[in-house]
Amino acid sequence: MNTNYRSPNRRQFLRGALAAAVTAGSVGAVAGCGSSAAGSGSAPVTVWDPFQGADGANMRGIISDVSARTGLDIKPTTLSWGPPYYTKLAMSSASQQPPDAAIMHISRMPGYAPGGLLEPWDKGLLAEVGITEADFAPAVWDSCHHDGELYSLPLDTHPFITFFNQDLADKAGVLAPDGTMPISSAEQLHEVGSKLAEVTGGYGISFGYLMDTAQAWRLFWGLYRQTGGDYRLEPGESAALDEDRAAEVIGAVASWMDGKCLTESMDYESGLAAYNGGRVGMILSGVWEVAGLQASVPRTGGMPMPTMFGTPAVYADSHSYVLPQQRSMTDERRRAVYEFVGSVIRDGGPQWGTAGHIPAYLPAQQTAEYSALRPQADYAAAGQHVVFDPAVWFAGAGTDFQNQMSQALSNAFRGQTKPMDAVGGMLTAMDRFLAAPNPTA
């Protein structure tokens, strides 16, 4: 799920949402049927998602199965992924014509929950439909909360990991007897990449990041959190990172880009093409690319991002279900919504996992269907150590925050700026975001 776009200014889009509440006609085409009949038990359960292509077909199959199994009438609507999706979701909530449930990245929830655009999940009712805290990794479950309330219900995690060409890796002699690739330091990754380069005749590892709005950030943030580095992003205060640890990570990535281990001049599509064409033996990318990689390189292996800086941590996001704030809702209809979402999460995990996503519902990972998926089952452990974007209103998937962080990092990865200068640039940009008022406050 590459997100090459800039997010609209959050204040502008919430102003638009509030204006839509006044001019109801302006959202008719957006909201569709919405849930204006929320009080009617006979009305279908409406749900929005941004799943297109193979993901969309996959989700439609899961919903069809849920409908057949439960007898629920479900009306799904797919909208374009990116700023239009989140804009329309905010508008629908502000206009009081939202869907009953919607998919939202966990990383975006902190920008919606404070402003009353979402309502929290009732944990008691969730337990009645078979969903409890024990069913999810703590790192995921904890990130679903805001001010002690559960606002997101995770369908999956989709982390940033490593894939490798098993044939080339075997020729390079970098595989352990069990087929894994032991890497426990930044130096070891460079060594593995250099050995793969001897086999490919070019460079060893693919990482497409130039002109991308998220890739550099994804790599950096996961590795920075491996160092144990923390952050402070509080309104009215200066942004803070552990600057030495951040610079250490940036310097390590820059050291890999020597034209042998990695190349500094690669964009996202070029990175995929290099792996798919057999010109590299490894790629640093997201799990959502697994189907395309396997189509070109059938013997594609996968593993969580190696722990190179001490503490297991893997950058990720999560597709989660949220409940847009409703004007009215009967107990019967609320129960139907909970049954629908609960059934998708409980029973749809193995099928959803075929697209590369890791089911957030832990029992789904233990099923024979999911365990048979390769390399998905091999990197599923990444879900235990995921780290998400900072829980602030301006961060998350598809935001300008990710874009500005990536641009500062990209220059340092290429050796055009010093690591500590890149850290300073990131902090300066963070301060600008912190100085802007939170439109949901």
Side-chain angles (χ1 to χ4, degrees), residues 2-7 107 160 185-187 189-190 193 203 205-234 237-268 270-271 284-286 305-306 308-311 313-316 387-390 392 394-436:
N2 191 27
T3 50
N4 292 304
Y5 54 77
R6 286 178 178 265
S7 174
S107 64
F160 191 78
S185 69
E187 292 76 18
L189 185 135
H190 186 274
Y203 41 89
I205 301 173
S206 177
F207 173 51
Y209 70 102
L210 289 181
M211 304 304 294
D212 190 89
T213 59
Q215 284 288 88
W217 169 253
R218 289 166 178 155
L219 180 61
F220 166 79
W221 193 242
L223 296 181
Y224 173 69
R225 299 295 275 168
Q226 286 188 5
T227 69
D230 208 344
Y231 66 93
R232 185 183 70 240
L233 291 174
E234 294 290 341
E237 299 183 22
S238 296
L241 296 171
D242 186 319
E243 298 181 34
D244 289 336
R245 293 181 180 183
E248 177 189 6
V249 169
I250 296 169
V253 176
S255 74
W256 299 337
M257 296 192 179
D258 59 358
K260 186 174 183 181
C261 177
L262 279 85
T263 177
E264 66 181 34
S265 55
M266 182 173 281
D267 61 24
Y268 192 93
S270 298
L284 311 181
S285 191
M305 182 63 65
M308 294 178 276
F309 294 91
T311 301
V314 181
Y315 176 85
V387 293
F388 298 96
D389 283 48
V392 290
F394 50 78
T399 58
D400 194 44
F401 171 81
Q402 285 191 345
N403 178 59
Q404 291 196 30
M405 297 301 106
S406 291
Q407 300 320 308
L409 289 164
S410 294
N411 290 332
F413 289 173
R414 301 174 68 187
Q416 295 183 345
T417 60
K418 295 179 180 179
M420 195 59 78
D421 290 339
V423 176
M426 293 168 68
L427 289 170
T428 298
M430 290 177 181
D431 284 341
R432 287 197 299 268
F433 283 108
L434 288 170

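Heads up: numbering here begins at 1 and tracks the sequence.
- With salt bridges taken as basic N to acidic carboxylate O contacts below 4.0 Å, none links Lys418 and Asp421.
- Checked by atom type and distance alone, the side chain of Ser107 never pairs as donor or acceptor with a backbone atom of Phe388 at under 3.5 Å.
- Here the straight-line distance linking atom CG of Leu219 with atom CH2 of Trp256 works out to 6.0 Å at 0.5 Å rounding.
- Judged purely by atom type and a 3.5 angstrom limit, Ser410 uses its side chain to pair as donor or acceptor with the backbone of Ser406.
- Residues Met430 and Leu233 meet the side-chain proximity criterion, which asks for heavy atoms closer than 4.5 Å.
- Asp242 has its side chain out of reach of Asp230: every pair of non-hydrogen atoms, C-beta onward, lies at least 4.5 Å apart.
- Atom OH of residue Tyr231 and atom CG of residue Leu241 lie 10.0 Å apart, to the nearest 0.5 angstrom.
- With contacts defined as side-chain heavy-atom distances shorter than 4.5 Å, the pair Val253/Leu223 qualifies.
- Put simply, the side chain of Arg225 never gets that close to the backbone of Ala313: no donor and acceptor are under 3.5 Å apart.
- Gln215 places a side-chain heavy atom less than 4.5 Å from the side chain of Phe160.
- Side chains of Tyr315 and Asp389: a donor-acceptor N/O pair is present below 3.5 angstrom, by distance only.
- What you find for Gln404 and Ala429 is that their closest heavy atoms are OE1-CB, 3.6 Å.
- Here the shortest heavy-atom pairing between Ala412 and Ala422 reads CB-CB, 3.6 Å.
- Glu264 places no side-chain N or O within donor-acceptor distance of the main-chain N or O of Met257, the cut-off being under 3.5 Å.
- Between the side chains of Asp267 and Ser270, a donor-acceptor pair is found at a separation under 3.5 Å.
- For the atom pair OH of Tyr209 and OH of Tyr268, the computed distance is 15.5 Å after rounding to the nearest 0.5 Å.
- Relative ring orientation between Tyr224 and Phe220 is described as parallel, the plane-to-plane angle staying below 30° on a 0-90° scale split at 30° and 60°.
- Within the model, atoms CE of Met266 and CG of Asp212 stand 13.0 Å from one another, a figure rounded to the nearest 0.5 Å.
- The distance from atom CD of Glu243 to atom CD1 of Ile250, rounded to the nearest 0.5 Å, is 10.5 Å.
- Relative orientation of the Phe394 and Phe401 rings is tilted, given thresholds of 30° and 60° on the angle between their planes.
- Residues Trp221 and Met405 fail the side-chain proximity criterion, which asks for heavy atoms closer than 4.5 Å.
- Across Tyr203 and Gly259, no two heavy atoms sit closer than the pair CB-O, 3.8 Å.
- A donor-acceptor contact closer than 3.5 angstrom is absent between the side chains of Gln407 and Asn411.
- With a 4.5 Å cut-off on side-chain heavy atoms, Met305 and Gln226 count as touching.
- In this structure, Gly271 and Ser206 approach most closely via the heavy-atom pair O-OG, 2.7 Å.
- In this structure a side-chain-to-backbone donor-acceptor pair under 3.5 Å is missing from Thr213 to Asn403.
- The shortest distance between side-chain heavy atoms of Leu427 and Ser238 does not fall below 4.5 Å.
- Using modelled atom types and a 3.5 Å distance limit, the side chains of Arg218 and Gln402 yield no donor-acceptor pair.
- The heavy-atom pair separating Phe309 from Ala252 by the smallest distance is CZ-CB, 3.8 Å.
- Between Leu434 and Glu234, the closest side-chain pair of non-hydrogen atoms is not below 4.5 Å.
- For the atom pair Thr263 OG1 and Leu210 CG, the distance stands at 8.5 Å (nearest 0.5 Å).
- Across all their heavy atoms, Pro419 and Ala247 have their closest contact at CB-O, 3.6 Å.
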